[in-house]
2 protein chains.
Amino acid sequence: MGSQTGSTTRSAGPRRRVSAEDVARLAGTSQSTVSRVFSPGAAVSPALRQRVLEAARQLGYRPDAIARSLTLRRSRIVAVAMAHLDNLVYPELLERLSTALQAADYQILLFTADKGSTADPVFEQVMRYRVDGILLASTTLSSCFAGECRAAGVPVVSINRATDDPAIWSVTGDNERGGRAIAEFLLAGGHRRFAYLAGIEDSSTNRDRERGFAAGLAAAGREPPSRAVGNYSFAEAQRAARTLLARPDRPDALFCANDPMAIACLEVARHEFGLRVPEELSIVGFDDAAPAAWPSYALTSWTLDVAAMAEAAVGALLAQIEEPGRPAQRIVVPGRLLVRGSARRPPPDLWPQDAVDGLAPAEARPLAPAGAVP
Amino acid sequence: MGSQTGSTTRSAGPRRRVSAEDVARLAGTSQSTVSRVFSPGAAVSPALRQRVLEAARQLGYRPDAIARSLTLRRSRIVAVAMAHLDNLVYPELLERLSTALQAADYQILLFTADKGSTADPVFEQVMRYRVDGILLASTTLSSCFAGECRAAGVPVVSINRATDDPAIWSVTGDNERGGRAIAEFLLAGGHRRFAYLAGIEDSSTNRDRERGFAAGLAAAGREPPSRAVGNYSFAEAQRAARTLLARPDRPDALFCANDPMAIACLEVARHEFGLRVPEELSIVGFDDAAPAAWPSYALTSWTLDVAAMAEAAVGALLAQIEEPGRPAQRIVVPGRLLVRGSARRPPPDLWPQDAVDGLAPAEARPLAPAGAVP
DNA sequence: CTGAAAGCGCTTACAG
DNA sequence: CTGAAAGCGCTTACAG
């Protein structure tokens, strides 16, 4: 019938897209030349290039990245797995990863994982898209899949969650040091009954933060802190706080493994137990997510340098893509204790400002006006 | 030399992936059969299927979705453009979109847009991936691109932002009705000096919320509210609040076009102006993002049913993909006023609970304990 | 049920 | 600089 339908095999399906072939026909040249016009380095005579560009414009031609991926065996797609989107630190991380990746001309294939669960189920699908690399943010990939990635030569970098696998790159904050600094800060503040509210137990962030905290207390000859588990969840932290604060030996210093949990505890302490923060209870968080700075909380928190982490992670991934087989690194991004009003501050002589990485006096913002932290 | 490198054209590049051809060879069958084994509906004899599956397992074969996309002219990829990730409503939306899309076996190609800016720059790249559809959340696509999408037959649905283009599907909350309900609520609460803090001026959310609010006031014979602009930004809202609250005729009722701005205003009112909320100033937000429920804010806010919106948007997109050319719809997801403690509550006789969609008495949570909202 | 083959839309070595 | 052609890894009509 019509020569238009020359394709023998195809019939239904979405309408034909305009291809390089179409452009070539209109410009009176070959498909190869059209391709060259759209390939950055290729040599095409100015006149021909002009004609091709014009034809492409007329037809609304856009090179097909899918076909390109197939030919080049490079998709310029990076998979990003992320959980905990309710903790503002992650949306911020996602935004920065996106910006950095877009700048390098990579696209993001996003998959979200549930909190505790592994990223495996969707991962299988994602791998089929032949992504050039994988960024795992606070999610675990079962070691089985991690092995497959390595076998398939797909670079992986884990963000904010170290894996057991020494072959996998990771970018994390300085969790242990942060935990220790918080212990020292609270110790210097004269607190006596310490408590720790844990995040997800088997996460490296939790493990390292707690280890640092316990080590800091131990170094001062204190007993390990009392302990509850909030699994990085606001609601669970609220429940845990009710238990912790109802104890006869109520803690006077509480370190929560992330900010949302710290805010949850602060709310419970203030509104359910009528405690004054920090006079009767000091609370310290971790990550310095946006709400930590809101005056009602004025949360003292260890900073996670999300911008630096995103940059490091994307850099590490691109490096691996360019140069496969590079030995894995564990990148630790420094942070510092950002002192606000939610924890009693030590007298200046007991707490040399420079004892904590980068804590310049100017950074220690003034307490919110009286009444802010009732 | 080696027959392994039989490819004439290709040489460098990433190592060869295992293909259906490889599996076929090992299983002693044809590539077509391997393909059939991995195509849901296809008929293959049990014995052969078994052999193929076994060979695939041995080789770690995974069908290549990129190649599949090229053949089928369907990528099973949906582009999601999103901005305002610092407003928790959006991460929540993203998570739900992701879940819904993953359930339908679609992947998300994410691109983030800056607040004010249009999504155009990255959009060009994204279109090259031949996405099956586009979900725009609170971002504008220049009408030029929108037209191109239509021409290219790519379904688009706009979430939380209506476009001028009547051919584009949209899913929004009931912004105008929400604004009006808030006016009526504040009126019934006996307030006299109304103010409105605007979001991004040219966004439909802002326009509709303000229109509803002004209409509600006008219906009661009141003057238009005083007004400032916060552009949906926390920091800008803080600045705007300082101006608004310093006016000699300080408002006693302030409606902010989203929750982050409402929280910013609440903080400024309380901590910088020493105002008691809601006794001296009532504040109402919009969207009911997670922090609105935190006791320190107890923000009265119009709910955005993010779950319903995500479901509707994905449903609308999939419907368009299945059946192109369906006439566009504008889907409006109902919300309701969630009354908490940040705004003075009207006496029961002036504020029939059912005047606002779905506001059941049980939903009106008690005020936080004394001291919560000092 | 099974296999050979065309075609999806590109890139790029090869030979002018 | 330019074009013809092979090949990337699939799906599926066609002919057994």
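Numbers restart at 1 for each chain; the letters A, B, ... are given by sequence-line order, proteins then strands.
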> Identify the two heavy atoms, one from A:Y61 and one from A:V18, that lie closest to each other, and give their separation to 0.1 Å.
CD1-O, 3.5 Å
> Extract all donor-acceptor atom pairs below 3.5 Å that involve side chains of residues 319-328 of chain A and protein atoms in other chains or at least two apart in sequence.
unit_1 : atom_1 : unit_2 : atom_2 : d
A:Q320 : OE1    : A:W169 : NE1    : 3.4
A:E323 : OE1    : A:R326 : NE     : 3.2

> Between C:dT12 and C:dG16, how far apart are the two C1' atoms, rounded to whole Å?
16 Å
> Any idea which of D:dC10, D:dT12, C:dC10 is nearest the B:R36 side chain?
D:dT12
> Could you check how far CG of A:L70 sits from P of C:dG7, rounded to whole Å?
17 Å
> So if I take residues 27-35 of chain A and measure heavy-atom distances to DNA chain C, which residues fall below 4.0 Å?
A:Q31, A:S32, A:S35
> Take atom CZ of A:R76 and atom P of C:dC10, then tell me their distance rounded to the nearest Å.
17 Å
> Is the phosphate of C:dT11, meaning OP1 or OP2, less than 4.0 Å from a side-chain N or O of A:R68?
yes
> Starting from P on D:dC8, measure out to CZ on B:R62 and report it in whole angstrom.
20 Å
> B:F111 versus B:T139: any side-chain heavy-atom pair under 4.5 Å?
no
> Between A:E124 and B:R62, does any side-chain N to carboxylate O distance fall below 4.0 Å?
yes
> Using the P atom as the point on both nucleotides, what is the distance between C:dG7 and C:dG3, in whole Å?
22 Å
> Report yes if some heavy atom in the side chain of B:V333 is under 4.5 Å from a heavy atom in the side chain of B:V171; otherwise report no.
yes
> Rounded off to whole Å, could you give me the CZ-to-C1' distance for the A:R73 and C:dG9 pair?
16 Å
> List in chain and number order the residues that pass salt bridge (charged side-chain N to carboxylate O under 4.0 Å, His left out) with A:D202, two or more places apart in sequence or in another chain; answer none if no residue qualifies.
none
> Once you round it to whole Å, what is the distance between P of C:dC8 and CD of A:E21?
9 Å
> Under a 4.0 Å heavy-atom cut-off, which of residues 37-52 of chain B touch DNA chain C?
B:A43, B:V44, B:S45, B:L48
> With Watson-Crick and G-U wobble geometry limited to distances under 3.5 Å, how should the secondary structure of DNA chain D be encoded in dot-bracket form, using | for bases paired to another strand and [ ] for crossing pairs?
|||.||||||||.|||
> Do any side-chain nitrogens or oxygens of B:Y129 fall under 4.0 Å of OP1 or OP2 in C:dG9?
no
> As a quick check of understanding, evaluate side-chain hydrogen bond (donor to acceptor under 3.5 Å, both in side chains) for B:S69 and B:S75, giving each step before the final call.
CA-CA 4 Å; B:S69 302; B:S75 58; 5.3 Å; no
> Is B:V78 close to B:I108 at the side-chain level, that is, under 4.5 Å between some pair of heavy atoms?
no
> Got a salt bridge between B:D105 and B:R76, using NZ or NE/NH1/NH2 to carboxylate O under 4.0 Å?
yes
> Using whole Å, what does the distance between atom C1' of nucleotide C:dG7 and atom CD1 of A:I66 come to?
17 Å
> Does a salt bridge link A:D64 with B:R128, judged by any charged N lying under 4.0 Å from a carboxylate O?
no
> Measure the distance from CZ on A:R74 to P on C:dT12 and round it to the nearest whole Å.
12 Å
> For C:dA5 versus C:dC1, give the span between their P atoms, rounded off to a whole number of Å.
23 Å
> Kindly indicate whether the side chain of A:F123, heavy atoms from C-beta on, has any atom under 4.5 Å from the side chain of A:I134.
yes
> Using residues 35-50 of chain B as the side-chain source, report each donor-acceptor pair under 3.5 Å to any protein atom, sequence neighbours left out, with the distance given to one decimal.
unit_1 : atom_1 : unit_2 : atom_2 : d
B:S39  : OG     : B:S35  : O      : 2.9
B:S45  : OG     : B:L48  : N      : 3.4

